[in-house]
Every structure is written in structure tokens, then in C-alpha cells.
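Just so it is clear: chains get the letters A, B, ... in the order the sequence lines come, proteins before strands, and each one is counted from 1.
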Number of protein chains: 2
Amino acid sequence: MSAKSLDTDTEHLIKETAKRVFFTEGRFNATTQEIADAAGVNRTLINYYFRSRNNLFEIVFQDAQIQEHDLMEKIIFSNLSFKEKISQHLDTFFEQTKKYPYLEIYMVTQMNQGNCYKDKEHMNMLLDKFYLEVAVEMEKGNIDKMRPEQFVLNFVSLMSFPVSMRPLLQETMGFNNESYDKLLEERKDVIMNTLFIK
Amino acid sequence: MSAKSLDTDTEHLIKETAKRVFFTEGRFNATTQEIADAAGVNRTLINYYFRSRNNLFEIVFQDAQIQEHDLMEKIIFSNLSFKEKISQHLDTFFEQTKKYPYLEIYMVTQMNQGNCYKDKEHMNMLLDKFYLEVAVEMEKGNIDKMRPEQFVLNFVSLMSFPVSMRPLLQETMGFNNESYDKLLEERKDVIMNTLFIK
DNA sequence: GAAATGTTTGACAAAAATGTCAAATAAATT
DNA sequence: AATTTATTTGACATTTTTGTCAAACATTTC
């Protein structure tokens, strides 16, 4: 039981499928039937393992939070230089968003439906540490002077928006999948140049 | 009939309420009952005026597109200098997003559910015109050199992301409503400084 | 002010989605 | 191999949401 393959563990399969439907495909109001179909299992197994649809959704939401959180933690507690931290984080982020492009949008829609974010305390501690580093870089003249919070907003905006909003941006800007992928690949350099003073 | 007040025109009231529920409150899977309640009308009036829930949603989606479109057109066909165009657009955008912060996210979730964007042709024409202006500014040395498309991505990202993702960002960054509002107010200057070379 | 038209309402029907259960099957334990 | 336990299934019940309709009401038109 403990050595059971994760691939065939139905509970795990359902959860991963739900994540795929939400975070990868962005179908935020998929029904339990649709998720069950996508997982290739009987719908009532969702009730067996998760009791209710709501419960499954809450668990998936928590998972999403942890994922965001871990990514954040990784960048802050590495002992790279500031610039390298940013650079590294861009790599991990773009890697992760290939799998789950709609993770952040999902969280927003959930929060707008009354679901709320947990573990603010710890996150704040991480951020305060980061703000200090940002301030140091400003003193050194490596980045423009502004409130560190604004730098963080710039950073996450430049990084996330083109991914999260891809359907809208790709369509309005007249790209096809291939050319938009290319655009995204080029973004790392663009972002580094935008954030740091040459 | 033609001179009827728009405030009491039920059809109009329902549509505006739906927009409020979706774009202002971000409750993307509100039921027809919830929308009717929010509008203070009988639910079946939605069927009377819009035939089906789906039809209402499509109409609202179209409205959203037109709104985005008009905003885009405004900036491009003004005869201000490039920098003033950007500046002006930031003002209009922030003004608009006070009313409809979740308009863009709504469009993305709709598109992920199979709804698709219309009128690409015209939008492309607008963008091409804008790309040319961007290129000129780069030549002049007012903005960093990059593909004009990347400049547009930077621009919209810096502008939209902190608004669209507000629930997530505000929570994770530990702001309250008031302090986040303040942060947003400061953003115009930050964005101008980030986009333009001093 | 009577007839015609447009609007609103509640009762009901239909559809869609979720949840429950007992029986069937499979797996583990003795 | 028999028994216990865990998993899976389909049939059914419940709940939620949407759509229809005729009657009530209001407004306009003649």
C-alpha cells in the first residue's frame, strides 16, 4: 500500500487530473464528470476519495498555494547574487508555467469566489527579506530607485502577465502558437534588461 | 419607447448588472438567479430579453471586447506625442479598471472555455501602426531597443497585472485595501520610468 | 376606454450536476 | 482458501440551475 505506484493511485490521479484541467487547460468550471472523464475513472470515485466536489477543489487550491510558495522560497533562500537570483527564478518560472500556465489566474478566480489565501505570515517574512535585498541593489545603482514593493510588482508583472493572459494577448496581437512561444522565449532577456540598469 | 430612461430599461439594467458581477466583482460563474437578484429583477426576465443564459454571456463578452478595442483605438489615433500617448492611456486605463478590474481575466476564462475573439483584422491594423511608432522611439533613443511586440508586452503587463491579479497579489504581499490602492496610484510614475530611458 | 402590444410574475417542466448507496469486484491478511 | 478490507461500479435520489408558459399587469395606440 505504501509502495503503491503513484500513477495508478486513483486518489493521486484524480488530483493531478483536476490540476491539469484547471491549471493547464484553464477550464475553471469543469464539472466532476468532466474531470472524471479526463482521468478515465468513474465519477463517483471523486466522492469516494474527496467526499465532495468542493473538497477536491479546496485541496487543489491549497496545492496551488504551496506551489507558488515554494517557488518564492527557492529564489529567496538561494545564495546567489541578486541578479542571478532573478535570472534563476525567471528560468524556473518559465519552466513551471509550461506545465501550469493558468495557475495564478485560477487562484484569483477562486479568491473572488470567497476562497481565501492562507499562511500570510510566513510569506510576509520572505518578502521582507527580499525587499531588503532590493533596497541594497538600488543603493548600488543596479536598479532604478523606487519602493521595493513596486520593483516586485514590476518583476512579477513582466514575468507572469504574458503567460497568464496568453489567450487574450495571442489573439489580439495576431500571433499563432508557434510565434507566441518564440516571443515568450525571448522574454527572459527582455525582462532582465528592463529590470536592471545597464 | 425610444426616449425611455436607460436606468429603468430592464434589458439594459440586466446587461449592466451582469457586467458588474463579472467585471467588477469577478464572480465568473454567477448563476442567472444571482444576476437577477443583483439587478433586483425577476430571473425569467433574463430569458425574456436574452433568450438564454448563454446568449447573455455572449453579449457581455462582446461588450468586453468592444471596450478593450475602443481603449486601444483611442490611444493610437490621438495626435499626442508617443510619450504623451502612453501617459494618457495609463490614465484612462487606471480609470477604467477602477470600474472593471476583472475585465481582462474574464475574457481569458471565456476564451479558455471555447469562446473566441472577433475582429482580429482591425486590431492588427491598429497594432501595426503602433509598432511603427515604437520603432521610431527606439531610434530616437527614448526607449530600449527590442522587438516592438516585446515593448507592447512590457507595457500592458506593467499596467494590467497588478490590477487583474489584485486579490492574489494583495494577499501574498500583505497589503490591505487602502495600502494597495495607494500602491496602484503610484504605479503610473513607476511604469513611465520603467518604460522610458531617462 | 377598448383593443393591442409590451412587460412582469409565479408555477411548473426540463436539464444538468452532485451526492448516496448497496452490490460487485479486487486486493490484502490471516 | 476463507475472511476481511479496500476499491470500483451503476442505479437511483437530491439538489441546483435553467428554460417555458400562461396568466397578470402595465403601457401604448387607436
In whole Å, what is the span from the [atom1] atom of [X] to the [atom2] atom of [N]?
X        : N       : atom1 : atom2 : value
Ile46(A) : dT7(D)  : CD1   : C1'   : 15 Å
Leu45(B) : dG6(C)  : CG    : P     : 16 Å
Asp37(A) : dT18(C) : CG    : C1'   : 15 Å
Asn47(B) : dG10(C) : CG    : P     : 15 Å
Tyr48(A) : dG10(D) : OH    : P     : 17 Å
Phe50(B) : dT20(D) : CZ    : P     : 16 Å
Ile35(A) : dA17(C) : CD1   : P     : 12 Å
Asn54(A) : dT18(C) : CG    : P     : 10 Å

inquiry  = Can you tell me if Lys118(A) has over 12 outside heavy atoms packed within less than 6.0 Å of its NZ?
reply    =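 For Lys118(A), atom NZ is crowded (more than 12 foreign heavy atoms under 6.0 Å).
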Examine the base of dG19(C) for any acceptor or donor lying under 3.5 Å from a partner atom in the side chain of Arg43(A), and report the outcome as yes or no.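 For Arg43(A), whose side chain was compared with the base of dG19(C), there is a donor-acceptor pair (under 3.5 Å).
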Next item on the list: If the plane angle is over 60° it's perpendicular, under 30° parallel, otherwise tilted; pick one for Phe23(A) and Tyr100(A).
Entry: perpendicular
(Q) Under 4.0 Å, counting only non-hydrogen atoms across every strand here, what does Ser52(B) touch: a base, just sugar-phosphate, or nothing? (A)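 Since only primed, P, OP1 and OP2 atoms lie under 4.0 Å of Ser52(B), the category is sugar-phosphate.
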Does [X] place a side-chain N or O at less than 4.0 Å from the phosphate oxygens OP1/OP2 of [N]?
X        : N       : answer
Thr10(A) : dT8(D)  : yes
Tyr49(A) : dT8(D)  : yes
Thr32(A) : dT18(C) : yes
Asn42(B) : dT8(C)  : no

**Prompt:** About how many Å separate CD1 of Ile86(B) and CD1 of Ile75(B), when rounded to the nearest 0.5 Å?
**Reply:**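 Interatomic distance, Ile75(B) CD1 to Ile86(B) CD1, rounded to 0.5 Å: 4.5 Å.
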Q. Any side-chain heavy atom of Met146(B) sitting closer than 4.5 Å to one from Asp144(B)?
A.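 A side-chain contact under 4.5 Å exists here.
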Closest to the side chain of Thr44(B), out of dT20(C), dA11(C), dT18(D), is dA11(C)
Donor-acceptor contact present, side-chain Ser179(A) to main-chain Asn176(A), <3.5 Å: yes
